[in-house]
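Labels below follow one simple rule: chain letters A, B, ... track the order of the sequence lines, proteins then strands, and each chain is numbered from 1.
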2 protein chains.
Amino acid sequence: MTASSTDPTGTPGGTGTGTGTPGGASSGARRSDATRGAILTAARERFASDGYERATIRAIAKDAHIDPSMVMRYFGSKEGLFAAAVALDLRLPDLTAVPRDEVGRALVGHFLSLWEENEELTAVLRVGATNQAGAERMQGIFRDQLLPVARQACPDPEQIPVRAALCASQLLGLALTRYVLRLPPAVALHPQEIVAWLAPTVQRYLTAPSP
Amino acid sequence: MTASSTDPTGTPGGTGTGTGTPGGASSGARRSDATRGAILTAARERFASDGYERATIRAIAKDAHIDPSMVMRYFGSKEGLFAAAVALDLRLPDLTAVPRDEVGRALVGHFLSLWEENEELTAVLRVGATNQAGAERMQGIFRDQLLPVARQACPDPEQIPVRAALCASQLLGLALTRYVLRLPPAVALHPQEIVAWLAPTVQRYLTAPSP
DNA sequence: CTCGTAGGCCAACAGGTGTTGACGTCGATG
DNA sequence: CATCGACGTCAACACCTGTTGGCCTACGAG
């Protein structure tokens, strides 16, 4: 799912002959894995803070202390790098284990901690606002990860997409104002306040009868 | 307010000697106003659909059927062009004339029609997500236009910024999912449905006691 | 009619971009 | 020890960007 259309080189080394992989039995650790990781970390930071266009391969390579051409050899292209850098897994909780009237609070809290602790989400949001491919990636995340969870909490199956989209609008809207646009009052809010304000909204979008 | 720091050339012609302005007494119409308008229209479209970086001056000039250098002469720089293209006035209604329990509906409806009919808002949102200057412009719009209106509807003066920011998160979140990311269910929603779902949220953010 | 000037186009500059290929180097393998 | 391939660097390509200055044209004032 991550690198569907663009997979020009994969990773150098092939892993075909079985001659490589020093050290042991089954782990696919290569000598270059540290470099790969450094590139991915630098890429995530740049994409999150600069967006797609302004996050240049040269800058990412400099952050990772390697040559720009290495980025190309490992990830094929800038788009391939982005796809590898933000393989986003929301790790959404299982809502069937949550009391029906607590799903709003659970979702808001989960998203908030997700957003606070890593910048992948900011990266994919910023790129989604800039780039067509980024927007499609966001649509995929919505479809594959948020929709199934909404299905667990939503009474009428026919209304699941609408209700999930409403939740997305509120959750992404908070992320936009707080982490991207940085409206001062949105930045100043404490996480508990955010949960207290937004949980009823998400709860209503998911479970209340349609207006 | 619109072009504070960047005003290198203004408009060619000066309007100082009074020799120009063919046709009549007071109207400041210049021969080049049509071209200026064409440039601004093309710029708005490009900024809205491509974001700041990918909206190139060359593409805008081609859309307006003129030379790229004309854009520079009229607006000084790309940033000057952007500032002139999105001189955003939300034209928010006077909430003191609206019944206290209708402010949510009024605000959501106003924003929705605003967004549907012109693309300036999409442009400023997209650029705000890409560009630092764009984000600051968005902060200014929030501070100068949304905050005063929230002041009219909000009981506790101390909570005005927080409540306005919450409203912004929901309103901008809808715009993001519907006009930028284009999540299919958010696109498919009818305006009346949107108002019906979002009005209670905004109403609560503005007037309900804090949770 | 003459002429200044606003309006417009053309060609070019300097810098930055993604991307490519040739060239070293070091460790592990035969 | 000799060899091969993964790892990495350097230099360059072709392209596109914002921006600049010079030149031409045509309208309206005198």
Before giving the answer on side-chain contact (heavy atoms from CB on, under 4.5 Å), spell out for A/Asp94 and A/Val149 the whole-Å C-alpha distance, their side-chain angles and the decisive distance to 0.1 Å.
CA-CA 7 Å; A/Asp94 182 10; A/Val149 172; over 6 Å; no
N-O pairing of A/Glu117 and A/Arg91 below 4.0 Å:
yes
In whole angstroms, the gap separating P of D/dC10 from CZ of A/Arg73 amounts to 14 Å
Rounded to whole angstrom units, what separation is found between the CZ atom of A/Phe75 and the P atom of C/dG18?
15 Å
How close or far is atom P of C/dG7 from atom CD1 of B/Ile39, stated in whole angstroms?
11 Å
Atom-pair distance (CG on A/Asp33; P on D/dA6), nearest Å
14 Å
Any donor and acceptor pair, going by atom type alone, linking the side chain of A/His65 with main-chain N or O of A/Ala38 inside 3.5 Å?
no
Please tell me which of B/Lys78 and A/Thr35 maps to the more 5' nucleotide of DNA chain D, matching each residue to the nucleotide holding its nearest heavy atom.
A/Thr35
Evaluate side-chain contact (heavy atoms from CB on, under 4.5 Å) for A/Val195 paired with A/Phe111, printing each intermediate quantity in order.
CA-CA 10 Å; A/Val195 173; A/Phe111 266 97; over 6 Å; no
Looking at DNA chain C, which of residues 122-136 of chain B put a heavy atom within less than 4.0 Å of it?
none
Given atom CZ of A/Arg54 and atom C1' of C/dG18, what is their separation to the nearest angstrom?
17 Å
Expected output is a numbered-order residue list: members of residues 56-70 of chain A with a heavy atom under 4.0 Å from any atom of DNA chain D. What is it?
A/Arg58, A/Ile66, A/Asp67, A/Ser69, A/Met70
Under 4.5 Å between any side-chain heavy atoms of A/Phe75 and A/Ile39, yes or no?
yes
How many Å lie between CD on A/Glu53 and C1' on D/dC16, as a whole number?
13 Å
Does a side chain donor of either B/Arg204 or A/Thr201 reach within less than 3.5 Å of an acceptor in the other side chain?
yes
Begin from the C-alpha positions of B/Arg126 and B/Glu119 and carry the test salt bridge (Lys or Arg N to Asp or Glu O under 4.0 Å) through to its verdict.
CA-CA 11 Å; B/Arg126 211 166 214 141; B/Glu119 49 203 345; over 6 Å; no
side-chain contact (heavy atoms from CB on, under 4.5 Å) between B/Arg46 and B/Lys62, worked out
CA-CA 11 Å; B/Arg46 285 285 176 178; B/Lys62 179 176 275 188; over 6 Å; no
So, OP1 or OP2 of D/dG18: does either fall under 4.0 Å of a side-chain N or O from B/Ser77?
no
Do the ring planes of B/Tyr52 and B/Phe82 sit parallel (below 30°), tilted (30 to 60°) or perpendicular (above 60°)?
perpendicular
CZ of A/Arg36 versus C1' of D/dA6: gap in Å, rounded?
13 Å
Which one, D/dT20, C/dG8, D/dC7, comes nearest to the side chain of A/Tyr74?
D/dC7
